[in-house]
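Only one structure is covered here, and it is reproduced in the block below.
When a ligand or atom number is given, it counts from 1 through the structure's own listing order.
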Amino acid sequence: MAHIYLASPHMSAEGYEQEYIKEAFDTNWIAPLGKNVNEFEKELASYVGASDAAALSSGTSAIHLALKAAGVRQGDVVICQDLTFSATVNPVAYEKAVPVFVDSDYETWDMSPEALEDALKKYPNAKAVMPVHLYGNPANMERIMEICGRYGVPVIEDAAESLGTIYHGKYTGTFGDYGAFSFNGNKIITTSGGGMLVCNLEEEKAKERIAKVRFWATQAREPARHYEHKEIGYNYRMSNILAGIGRGQMKVLEQRVEQKRKIFAYYQEYLGDLEGISFMPVHENERANCWLSVIQIAEDCPVKPLDVMVALEQGDVESRPVWKPMHLQPVFAGCDYIDHGGVAETLFNRGVCLPSDTKMTEEDLERVCGIIRRLWA
Ligand SMILES: *Cc1c(COP(=O)(O)O)cnc(C)c1O
């Protein structure tokens with residue numbers, strides 16, 4: 001029996017990625033930059049409906065440069081979703097800014113608009129707000145944008161997990177001033193490692209900001225024959241080889257979204273009757289990409305999340321707890337946290353991320369559900 005992964009790279013059956021890489025080899029455009037980078041940026045921007053995009057070395061670097069583009073500086077408050085991966089918040093620390101964590105709600109598992117409002121009342125001069133579309137499930141962007149608009153604070157969407165998610169008829173990552181995507185190996189599409197930043201301001205301004213991001217990402221080299229620097233730069237650009245993988249992956253993105261959604265529907269159908277199990281709140285009028293399928297187990301259920309994870313591990317199946325909230329992370333001890341009934345903590349304590357690998361067969365899904373069902377038998 002083969003090992004079942006949580007989420008692993010899934011290249012196209014057609015070999016599109018290798019064709020783009022071969023073209024880069026044939027023309028010796030291994031680095032720097034090149035046609036694949038330019039085209040990948042255009043393809044992603046046009047897919048999500050943004051005017052321009054910058055291809056970067058990771059989702060983390062995309063978030064970092066979004067913070068810089070939004071004007072976040074040392075000592076500034078940045079309001080962050082509490083329930084997330086640390087990569088959302090680390091770039092805030094790179095800039096020596098101050099993260100303030102905001103709890104989630106049960107309707108979205110993402111940033112609670114009420115708690116955000118409380119945070120902005122307390123920190124009206126916050127320089128940015130960072131909601132996350134966790135597990136591909138969209139945050140309540142309608143209310144978050146309305147609240148942030150009133151306070152005049154820029155929004156940076158961490159859409160690392162939600163490429164392909166449609167909310168209110170638009171792709172996530174295109175509601176805030178900036179949207180950051182990731183192509184890390186476990187994400188819905190991958191370049192082995194990489195990221196992309198889009199800017200959703202008015203077109204001319206957006207193009208200008210993205211150009212600035214590309215400038216910072218290539219060591220902030222001033223346009224001069226010699227090496228001239230007026231600002232601190234970064235080595236954050238995506239290579240032309242990896243962008244070739246990205247272009248190939250874009251061709252199967254819609255297919256991957258459908259596969260991920262089918263996996264989620266399968267779990268709902270075959271585990272939904274188990275007492276005490278509930279699912280992440282995927283709303284019918286939205287198209288969540290269902291990057292990971294996540295369940296919650298009620299506190300009074302005799303089967304505990306750890307029992308599920310251990311049983312799956314013994315069956316050679318990978319699973320994970322839900323992200324540990326940032327306000328509970330030792331590295332962020334001392335940061336302020338705006339509570340909304342301890343939702344993030346509850347989800348961490350009761351949640352299990354089930355394998356959501358798009359290479360899984362129906363037999364694999366049957367095997368996973370069988371292991372879980374036996375715990376309830
Ligand atoms: C993966 C991820 C990131 C970081 O992306 P990398 O490409 O791995 O740097 C940021 N935020 C969230 C929520 C993620 O899941």
Can you produce the list of protein nitrogen or oxygen atoms under 3.5 Å from a nitrogen or oxygen of ligand 1, alongside each distance?
residue	atom	partner	partner atom	Å
ligand 1	5 (O)	S182	OG	3.2
ligand 1	7 (O)	G59	N	2.7
ligand 1	7 (O)	S182	OG	2.7
ligand 1	9 (O)	G59	N	3.3
ligand 1	9 (O)	T60	N	2.9
ligand 1	9 (O)	T60	OG1	2.5
ligand 1	11 (N)	D158	OD1	3.4
ligand 1	11 (N)	D158	OD2	2.7
ligand 1	15 (O)	E161	OE2	2.5
ligand 1	15 (O)	K187	NZ	3.2

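Every residue meeting the side chain to side chain donor-acceptor pair (under 3.5 Å) condition with T358, not counting sequence neighbours, appears here in chain and number order: H10. Residues that satisfy the side chain to side chain donor-acceptor pair (under 3.5 Å) test with K205, not counting sequence neighbours, are absent from this structure.
The one candidate from H64, R73, K68 that meets the side chain to side chain donor-acceptor pair (under 3.5 Å) condition with E95 is H64.
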Which donor-acceptor pairs under 3.5 Å do side chains of residues 45-53 form with protein atoms, sequence neighbours excluded?
residue	atom	partner	partner atom	Å
Y47	OH	E254	OE2	2.6
D52	OD1	R214	NH2	2.9

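Proximity of F181 to K187: side-chain heavy atoms (C-beta onward) are nowhere separated by under 4.5 Å.
In this structure, E313 places its CD atom where only 12 or fewer heavy-atom neighbours from other residues, nucleotides or ligands lie under 6.0 Å away.
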